[in-house]
Amino acid sequence: MHAEVLVAGRGGQGVLIFGTVLAQVVVREGREVSYFPSYGAEVRGGLSQCSVVVSDGEIASPIVEEPDLLVLMDPGLLEKFGPWVRPGGRIFLDGKVRRGLEGRICMYVRASGLASERGVPRAANMVMLGALARETGIVRLASLEEALEMLHEGEVLEANRKALRLGYETGARKL
Amino acid sequence: MGERTLMKGNEVLGEAAVRAGCRFYFGYPITPQNELTAYMAKRMDEVGGVFLQSESELAAINMIYGASAAGARAMTSSSGPGISLMQEGISYLAGAELPCVIVNVMRGGPGLGNIAPSQGDYFQATRGGGHGDYRTIVLAPYRVQEMADLTTLAFYLADKYRTPVVVLVDAVLGQMMEPVEFKEPDLPPLPPKDWAVGYMMGRPKRLVTSLYLAPGALERHNLHLKEKYERIEREEVRWEGVCLEDAEVVLVAYGTSARVCLGAVMRGRSEGRRIGLLRPITLWPFPWKVLRKVAEKVKAILVVEMSLGQLMEDVRLAVEGRCPVRLLGRPGGGVPTVREVSEKVEEMSDEGVESL
Amino acid sequence: MKVLRAYRKPESLTDVKFRYCPGCGHGIIARLVAEVVDELGIRERTVGVAPVGCAVFVEEYFNFDMVGAAHGRVCPVATGLKRVLPDHVILGYQGDGGLAAIGLAEVVHAAARGERVTVIYVNNAVYGMTRGQMAPTTLLGQRTTTTPSGRNPRRDGFPLKVCELLAGLEGTAYMARGTVTSPRNVRTLKRYIERAIRTQMEDRGFSLVEVLSPCPSNWHMKPLEAIAWVEERMVPFYGLGEVKT
């Protein structure tokens, strides 16, 4: 298996955490992974994105140019990042869009909505990650939960676990 | 076998240094290597080493000079503008034959430039960089794992040859995360540092200096340095080849550019193109000989770098006109893409060798 | 008949003959430092740092381990040494060009850190080895090769009083200014040097002794005239004594 994932959103939407957790999980599963965040001079705000390459073999470029999977925490970014996706690739959006993108499959995950309703509004990114795991099989739920346990504890862990399971159970809907 | 952990490149440089016995770190903040400085601050506390945030890079490199003169394994790190300030000290370290490791996480230049990835400090690193007739060993990893392995090696080579060693990475490597395993190095023992100052205990005084005022003394010293550099060129050249056997077009690149080129080789091969990659791991000593051999049997070489022809200059010197050498250079924050490299290779193949 | 030897070369000096110009203050200062190191019994655990300029010669003269530093970089080199050898005495030896011009940032920060090192700072109001250019310590009106009509404060600014500058920093523990113009001043200076080194040995902070020193060659004076010039011009401006204890 080889998957190139691009994650993007606005500062504060947990894009980099999304990528980090995904990469952690892949390492736990004994496969190869690279994670590269975009970084800027500003500490807060602005666009946030990261590249995660998941593979059973050697990874060449860590910078994803033509993602197999695009995750957008802000659906408003579809116009910017959508065309990068390889034809036939899938785009996961936290929100509905009026028009999809030709040749790519748009998947709707009600991540922020679900997270807010269940009292974990800051864990929308984990809802999204759960849904991504469910729909693509890129990583297993069990290893995702193990990785969360390594990263967090207490209330934060519980909130994240809840969000993750929520996303995994709900999955995504093709637009 | 140790455990594989996901770590950021900059932090891996620090952890590998600590494991190599480095207990003295002096440095000044600069993006994009700040994670390394912060990591060293934390780790030196844990292992009982010394972390000191200096007032400038100028001071940092001279603190390294003092620590190294006392026989300690010492390291500093910075990025282009700071490395420029360190050149004075690096020249003195080379002149006084003091070992140390200098990490440069390259950013865009010249001047203040930007903080994006770059390979624009190639000349500075491989040509000595400061005043006088000297060289520094330059190691250029292209994976986070290799950042660990080459940092270990850097301390070893520094001590073995009594010379500053530069670990040259770009900001992509510094900022990215990959799984890494810290291996116990299997390296031959080093001679005692019978030149270091401190603890006289009855022996005659020692003098660590780069000053040779007596008539003929500096010439003798520089010839001694040259002999050392020649030994390094004989014994320490490191490189990696991918699909070189039947390649018609060979890519030459290091660091992140080499990762991109590896992607282009994979893509090209899957489409039936005879494309290969030669990746210098030591930028100095440069793999002249292998490049010359490669140049004899390929149709063309494409140099891919995040600068405008610095690496290409060495490639041309090695090739000596045996085959055409082309450049794909992205300066000032641009990172070459697999598509760009692939297209350039196609274009070169289509043009035909005669026109190249 | 019993022969009494009143004069003996300190063990902390090598057999290399001093090559300072006649009437230069460096010879006296280097000897005093060597005497103090001998008397404190610390020769084998002392490391000296020599810079660039006339101050560099001590690299050969001192008979303890020496490290030659770049111009103005004595303090960071001393810092590196001290951090690796905390039980050693680290002695910097600098002129006014190295310390007060090109290396001022370095000395200020070493002092602010309270670095446990001692700096012997030779102030002769001129760049010596490069043949008499203006130093940061050159007095107003003083003629040098780069101030041929005399130091003009409008153009060249004012001389720096390093002891007073550093004394305000919390990291400094001992600051004194002496001179070599008379046997009495030499004895006082030796006491300052000893106190400065003791300050380091007692782990109290950064210590520095400034020495107002004649440079007859670059002042274009006879040695005695140069001594008189220190007394008449430099001492009134800079002052003598312990600035901080």
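In what follows, chains are A, B, ... by sequence order, proteins preceding strands, each numbered from 1.
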Selection from B:Asn62, B:Leu211, B:Thr209, B:Ile64 maximising heavy-atom pairs under 4.5 Å formed with chain C:
B:Asn62
Quick one: which of B:Gly202, B:Gly49, B:Ala60 has the most heavy-atom pairs under 4.5 Å with chain C, could you say?
B:Gly202
Please state whether the side chain, the backbone, both or neither of B:Tyr199 comes within less than 4.5 Å of a heavy atom of chain C.
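Looking at B:Tyr199, backbone and side chain both touch chain C.
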So, the part of B:Ile61 with a heavy atom under 4.5 Å from chain C: the answer is neither
Please classify the contact between [X] and chain B as side chain, backbone, both or neither, with a heavy-atom cut-off of under 4.5 Å.
X       : result
C:Val56 : side chain
C:Arg83 : both
C:Ala70 : both

If you count heavy-atom pairs under 4.5 Å with chain B, which of [options] comes out on top?
options                             : answer
C:Thr14, C:Val67, C:Val77           : C:Val77
C:Thr46, C:Ile90, C:Asp87           : C:Asp87
C:Gly72, C:Ala50, C:Ala78, C:Gly68  : C:Gly68
C:Val108, C:Asn63, C:Val52          : C:Asn63
C:Glu59, C:Arg43, C:Glu106, C:Lys82 : C:Glu59

Can you pull out the residues in residues 81-105 of chain B with any heavy atom less than 4.5 Å from chain C?
B:Glu88, B:Tyr92
Are [X] and [Y] linked by a side-chain donor-acceptor pair shorter than 3.5 Å?
X        : Y        : answer
B:Tyr212 : B:His221 : yes
B:Tyr28  : B:Thr76  : no
B:Thr163 : B:Lys228 : no
B:Thr31  : B:Asn34  : yes

So, are [X] and [Y] salt-bridged, with charged N and O less than 4.0 Å apart?
X        : Y        : answer
B:Asp133 : B:Lys226 : no
C:Arg191 : C:Glu194 : no
C:Arg177 : C:Glu164 : yes
C:Arg113 : B:Glu55  : yes
B:Asp159 : B:Lys193 : yes
C:Lys9   : C:Asp38  : no

Describe, in one word, how the ring planes of C:Tyr93 and C:His26 are oriented to each other, choosing from parallel (under 30°), tilted (30 to 60°) and perpendicular (over 60°).
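Taking C:His26 first and then C:Tyr93, their aromatic rings sit tilted (interplane angle of 30° to 60°).
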Mind telling me whether C:Tyr61 and C:Phe18 have parallel, tilted or perpendicular rings, with 30° and 60° as the class edges?
tilted
